[in-house]
S.K.: 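This is the structure I want to talk about, given as structure tokens.
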Amino acid sequence: MPSLKHILTCCFIWVFPIIVFSQRPDKHADAWLFGEKAGISFKSGVAQNIATNAMDTKRATATYADENGDLLLYSNGQKVWNKNGQVIQGADNLIDDDDPFYSGLIVPIPENPDQFYVFSIEKSSSSITELPIYYTKIDLSLNGGNGGVAESRMALWSGTSFGITSVKHCNNKDYWIIIHKGLGNQFLTFSITKDGITNASNPITSVVGTSFSGSSNTLAQEIIASQDGSKVLISRPGGPQFGFFELFGFDNSTGEITESLRTVPGLGQIGGIAFSPDAKYFYISRLRESKLSGSDLLNKYSLLQFSTSSNASDQIFEQTYVGTPDPSNSGSYIFEPGRFGKLRLGPDGKIYLAHRDANFLSVIHKPDELLDASNFEYQGLTLDQKSSSDLPNTVAADYPEAKATLIFQEDSLECNPSLYVKLEGVSETRSTFQWLQDGIEIPDATKKIYLTTGPGEYEVRVKDACDAEIFSNKKQLISGANLSPPDTEPLQQYCQGESIQPLSVFGNEIKWYRDSSGTDLLQEGGILIPKIDSNATGTYSFFVTQMDGSCESPPAEMQIIVLDASPLNLGDSILKECLNNRQIGLNL
């Protein structure tokens with residue numbers, strides 16, 4: 001017999017959706033070109049080597065694929081190539097650096113399908129703490145479809161710490177570009193709309209986090225954003241805390257860094273950082289230990305997993321590499337091939353780890369899982385060409401289609417069960433809710449969870465931070481009045497040997513149970529004949545409910561008490577409850 005709790009699931013007609021969060025909903029990150037003409041494509045859903053890379057670099061790159069996942073543009077920050085491997089006319093000397101050290105970025109201009117901004121970060125000739133960043137406007141419709149420069153070398157900011165990332169605006173059309181000043185603790189956010197960079201001279205400023213100081217030159221620091229646009233992570237290998245990262249909240253409706261969530265110092269030389277697809281975890285590759293062993297340099301590299309919701313962290317892999325002396329520079333060592341480099345979240349939901357001068361990438365196959373369950377595979381992907389220690393920077397992912405799904409609260413013990421809203425592609429913390437019953441707003445029903453109040457068709461209207469409205473699916477409550485237990489006479493008393501009378505109640509679809517949890521059904525109907533030995537004293541409990549359609553009321557308890565009716569001893573108290581024939585008899 002099912003319990004009362006389980007019976008309640010019959011009150012709704014519903015289908016539970018299966019939602020996959022791991023893979024990007026767009027294809028713009030499906031082509032990766034990097035290293036010594038290395039390239040992989042994710043277009044098929046599986047990483048596969050491709051041979052379309054005309055670029056040979058030891059440093060960072062940026063790539064962009066079209067809506068089908070086919071390569072469209074790629075850059076090393078100094079040059080820009082089109083899909084045919086040709087350097088775009090006028091885009092052969094964007095900055096004064098043949099092989100830029102710092103990762104650039106390619107961002108499409110919304111509602112202008114042929115136009116893109118290519119961001120480049122240049123080494124500074126006057127400062128080792130702040131680096132200038134420039135952007136160039138590329139128009140692929142120029143030069144017979146081979147592309148050309150529409151606007152060249154425009155200054156975005158003169159003093160950055162070199163990291164740059166993008167976040168999709170909550171309207172899922174425009175973009176935010178986020179950088180950090182080379183000195184101090186200020187983030188700068190720029191808005192890219194169909195009209196271009198709309199606040200180039202007046203970026204949104206967020207003063208938060210650790211104040212940067214010391215050289216930014218040749219440091220592999222990064223800034224990245226989570227796929228849902230809610231978090232930003234920044235790392236810095238050098239001062240002031242000898243390698244640290246900071247985790248922040250981000251408001252994708254205003255462009256503001258909202259709060260500092262976590263800071264961890266003393267990590268040494270950080271190679272790369274990456275969020276898991278659901279942003280529950282992030283990963284850091286780093287140089288953990290460096291020491292001399294004879295004439296060799298032994299460097300230990302490690303991969304760590306951190307939680308974004310707690311202080312939990314742990315190492316999931318470590319590897320040692322050997323560096324050999326540099327014959328051209330006595331006392332120095334050549335960087336060891338294979339050492340850990342950048343981490344990148346792929347469009348397939350896996351995280352890839354680059355290795356310097358190696359024909360492979362390592363892979364975290366299930367980054368949304370905890371520690372060993374994340375399934376890290378060293379040398380998990382073989383490359384046709386050598387990798388650098390960098391992987392491509394790609395534009396922020398589109399958000400999934402906004403959905404609000406009503407789900408039945410299975411733990412509800414009431415006849416009127418609760419519903420709650422599961423959101424996808426919408427920020428829960430920056431959304432408002434309004435419940436409706438039969439198309440009419442329910443006053444004060446503005447929370448994520450709602451306790452239903454009777455039969456009807458329920459839905460919820462959700463407004464996100466951009467004031468976009470979405471309606472949930474509808475759920476029909478067939479029956480669910482505020483059902484009370486049947487009226488009962490809660491207590492009946494009998495003396496030993498007396499005939500126990502049937503229990504009787506009035507109500508709808510009466511059910512009798514032996515226990516209060518409703519797991520042991522005795523019988524149905526308005527009358528119960530108790531199976532009680534009238535000569536056995538004690539208290540006997542029965543539980544009765546009534547039904548309304550598929551919903552069952554809470555149980556009411558009825559008790560039968562059988563009292564002691566043995567002969568009276570004159571030594572007993574005359575207050576004995578049961579006397580023979582309810583009279584005192586004296587036998588001489």
Side-chain angles (χ1 to χ4, degrees), residues 16-34 39-50 61-74 105-108 165-173 175 224-233 250 252 272-283 305 308 342-354 361-370 373-377 380-381 383 391-405 422-428 464 470:
F16 188 88
I18 298 175
I19 302 172
V20 178
F21 292 94
S22 294
Q23 297 185 344
R24 283 178 64 128
D26 59 49
K27 308 288 285 183
H28 300 312
D30 274 9
W32 287 11
L33 278 66
F34 55 97
I40 51 178
S41 171
F42 297 90
K43 182 178 178 180
S44 68
V46 179
Q48 297 176 322
N49 283 273
I50 54 174
T61 65
T63 60
Y64 185 84
D66 63 20
E67 65 275 5
N68 298 315
D70 294 317
L71 177 67
L72 198 61
L73 285 172
Y74 57 106
L105 185 64
I106 300 173
V107 181
T165 194
S166 59
V167 175
K168 207 72 186 284
H169 192 285
C170 66
N171 63 22
N172 217 10
K173 295 187 299 183
Y175 291 91
I224 62 172
S226 60
Q227 197 161 259
D228 65 358
S230 67
K231 296 179 180 66
V232 166
L233 183 66
F250 184 74
N252 64 359
I273 54 178
F275 279 105
S276 65
D278 64 4
K280 286 196 305 185
Y281 304 109
F282 59 93
Y283 296 81
Q305 182 193 71
T308 59
K342 293 288 179 67
L343 291 160
R344 282 288 181 265
L345 174 61
D348 58 355
K350 301 179 181 182
I351 291 177
Y352 293 83
L353 170 61
L361 301 178
S362 294
V363 185
I364 305 173
H365 291 278
K366 298 180 180 180
D368 286 335
E369 301 295 331
L370 182 64
S374 64
N375 190 14
F376 175 75
E377 183 182 7
L381 177 65
L383 299 174
L391 289 172
N393 204 5
T394 57
V395 73
D398 291 345
Y399 300 125
E401 179 186 356
K403 292 181 182 179
T405 305
K422 187 168 187 176
L423 297 180
E424 182 183 4
V426 182
S427 171
E428 178 183 320
D464 67 11
I470 58 172

S.K.: Would the Tyr352 and Phe42 ring centres measure less than 6.0 Å apart?
M.R.: yes
S.K.: Looking at Asn68, Asp70, Asp30, which hits side-chain hydrogen bond (donor to acceptor under 3.5 Å, both in side chains) with Lys43?
M.R.: Asp70
S.K.: Within the 4.5 Å heavy-atom criterion, are Arg24 and Thr394 side-chain neighbours or not?
M.R.: yes
S.K.: Tell me the closest heavy-atom pair linking Arg344 and Leu391, and the distance in Å.
M.R.: CG-CB, 3.4 Å
S.K.: I need the Asp66 CG to Leu73 CG distance, nearest 0.5 Å.
M.R.: 10.0 Å
S.K.: Provide the closest heavy-atom pair for Trp32 versus Pro347 in the form atom of the first, atom of the second, distance.
M.R.: CZ2-CD, 4.1 Å
S.K.: Which residue, Asp228, Asn252, Asp464, forms the side-chain hydrogen bond (donor to acceptor under 3.5 Å, both in side chains) with Tyr399?
M.R.: Asn252
S.K.: Any Lys/Arg nitrogen of Asp368 or Lys280 sitting under 4.0 Å from an Asp/Glu carboxylate oxygen of the other?
M.R.: no
S.K.: Taking all heavy atoms of Val426 and all of Ala402, pick out the closest pair and write down the distance.
M.R.: CG2-CB, 3.5 Å
S.K.: Any heavy-atom pair between the side chains of Val395 and Ile106 that's under 4.5 Å?
M.R.: no
S.K.: Taking the side chain as every heavy atom from C-beta outward, state whether Thr61 and Tyr74 have any atom pair closer than 4.5 Å.
M.R.: no
S.K.: With distance as the sole test, does Gln305 use its side chain to make a donor-acceptor pair with the main-chain N or O of Glu369 at under 3.5 Å?
M.R.: yes
S.K.: Could you check whether any side-chain N or O of Ser226 sits under 3.5 Å from a backbone N or O of Lys231, counting only pairs where one atom can act as donor and the other as acceptor?
M.R.: yes
S.K.: Answer yes or no: is there a donor N or O on one side and an acceptor on the other, between the side chain of Thr308 and the main chain of Ala279, under 3.5 Å?
M.R.: yes
S.K.: Does any non-hydrogen side-chain atom of Ile273 lie less than 4.5 Å from one of Phe282?
M.R.: no
S.K.: Distance from Leu345 atom CG to Ile224 atom CD1, nearest 0.5 Å?
M.R.: 8.5 Å
S.K.: Using a 4.5 Å cut-off on heavy atoms from C-beta on, say whether the side chain of Leu71 contacts that of Ile50.
M.R.: no
S.K.: Taking all non-hydrogen atoms of both residues into account, name the closest pair between Leu423 and Ala404 and its distance.
M.R.: CD2-CB, 3.8 Å
S.K.: Taking the side chain as everything from C-beta on, heavy atoms only, tell me whether Phe34 gets closer than 4.5 Å to Leu383.
M.R.: yes
S.K.: Minimum heavy-atom separation for Pro108 to Tyr175, with atom names?
M.R.: CG-OH, 3.5 Å
S.K.: For Ser166 and Ala396, indicate whether the former's side chain and the latter's backbone hold a donor-acceptor pair under 3.5 Å.
M.R.: yes
S.K.: Counting only N and O atoms by type, is there a donor-acceptor contact under 3.5 Å from the side chain of Asn375 to the main-chain atoms of Lys366?
M.R.: no
S.K.: Can you confirm whether Glu401 is buried at CD, in the sense that more than 12 heavy atoms of other residues, nucleotides or ligands lie under 6.0 Å from that atom?
M.R.: no
S.K.: Would you say Asp26's side chain and Asp398's backbone share a donor-acceptor pair under 3.5 angstrom?
M.R.: yes
S.K.: So Glu67 and Lys27, do their side chains get closer than 4.5 Å, heavy atoms only?
M.R.: no
S.K.: Do Tyr281 and Ile351 come close enough that some side-chain heavy atom pair is under 4.5 Å?
M.R.: no
S.K.: May I ask you to decide if Pro367's main-chain N or O and Tyr283's side chain share a donor-acceptor pair within less than 3.5 Å?
M.R.: yes
S.K.: Restricting to non-hydrogen atoms, name the atom on Pro25 and the atom on Pro400 that form the minimum distance, rounded to 0.1 Å.
M.R.: CG-N, 3.9 Å
